[in-house]
Amino acid sequence: MALFALVPAAGSGTRLAGAQPKQYLPLAGRPMLWHAVRALCGVEVENVFVVLAPGDTEFARHDWSAFGGRVEPLYCGGATRRDSVYNGLVAASAAVDVDDWMLVHDAARPCVPRADLAALVAECAADAIGGILALPIADTVKRAGKDEAGVQRVAATEDRTQLWLAQTPQMFRAGLLAQALRDAKGSVTDEASAIEQLGLRPRLVTGSRENLKVTYTEDLAIAAAILATR
Ligand code: C5P
């Protein structure tokens, strides 16, 4: 069984820093997506499939030669992240066996440490289902609710002892993941939630805070500082 990676990078990323899709925002002299791909190429993946919007003209403007032909753009992104991953799996299926492992990783997580990736791959390769990088929640968690004046107030304090934050990569067998995403109901914001709908319980592999998701403008400076330490 081989190991592959797939990066959904077809979002328009409008929450952050203006008109440019966030996967192409400059970070340490490269587009953010480049760093996510580099991290994946640090483990033994055969190929990194990058799922792009059908009209993407930006990818071809950048230099991917550092990865020796292992990066394969697929211009089949969809309306949601889930659609982009599913379309990418279908497009990649000519090269990927249903039992091969697929690491799905957000372009918006450019700082995933090599040690986290290695731990995920080692633990999941020995697992019947697969799993995800995740972190136990350290902060106290509040449920919000608006009062009569429309002001956000604390409605309740949640028990955090069993709560983890899901990160990426998430590692599952390509065939099972495609089937899970195809059949999933409701909002599916990560691969694991589709697998869970099949009644399966993905493994939680402890990651680290360095693997932040770049979402807000200040996250870019944090990501640059993390990359500068390596
Ligand atoms: O918007 P968000 O940060 O949740 O996006 C997570 C990842 O999913 C990003 O890498 C983004 O490019 C990708 N995405 C996608 N297709 C979409 C929406 C998001 O590939 N339609």
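One-based numbering, in listed order, for ligands and for the atoms of each.
Using a 4.5 Å cut-off between side-chain heavy atoms of Ile, Leu, Val, Met, Phe, Trp and Tyr, with links allowed through other members, V45 and F172 fall into different hydrophobic clusters. A single hydrophobic cluster is seen to contain both L40 and L120, as judged by linkage of ILVMFWY side chains at heavy-atom distances under 4.5 Å, directly or through other members. Following chains of ILVMFWY side-chain contacts shorter than 4.5 Å, one cannot reach L220 starting from Y24, and the two form parts of different hydrophobic clusters.
With a heavy-atom cut-off of 4.0 Å, Q23 touches ligand 1 through its side chain alone. Contacts between A107 and ligand 1, counted as non-hydrogen atom pairs separated by less than 4.0 Å, involve both the backbone and the side chain.
For ligand 1, the atoms lying closer than 4.0 Å to a non-hydrogen atom of G78 are 17 (C), 21 (N). Heavy-atom contacts of A79 reach the following atoms of ligand 1: 21 (N) (cutoff under 4.0 Å). For ligand 1, the atoms closer than 4.0 angstrom to any heavy atom of S84 are 15 (C), 16 (N), 17 (C), 20 (O), 21 (N). Of all atoms in ligand 1, numbered sequentially from 1 with element shown, those under 4.0 Å from a heavy atom of K213 are 2 (P), 3 (O), 4 (O). For ligand 1 and K22, the ligand atoms under 4.0 Å from any heavy atom of the residue are 3 (O).
F67 and W34 have tilted rings, their planes meeting at an angle from 30° to 60° on a 0 to 90° scale.
Heavy-atom proximity to atom 20 (O) of ligand 1, evaluated over P21, S12, A10, is greatest for A10. When N87, V7, L33, D106 are checked for heavy-atom proximity to atom 7 (C) of ligand 1, D106 turns out nearest.
In terms of polar-atom proximity, defined here as any N/O pair under 3.5 Å, V51 makes no such contact with ligand 1.
Using a non-hydrogen distance threshold of 4.0 Å, G77 does not register as a contact of ligand 1.
Here L212 contributes atom CG and C111 contributes atom SG; the two are 5.5 Å apart, rounded to the nearest 0.5 Å.
Taking 4.0 Å as the cut-off between side-chain N and carboxylate O, R109 and E210 do not count as a salt-bridged pair.
The two atoms that bring V43 and L117 nearest to each other are CG1-CB, 3.9 Å, heavy atoms only.
When atom types are taken as modelled, the side chain of S65 and the backbone of D63 share no donor-acceptor pair closer than 3.5 angstrom.
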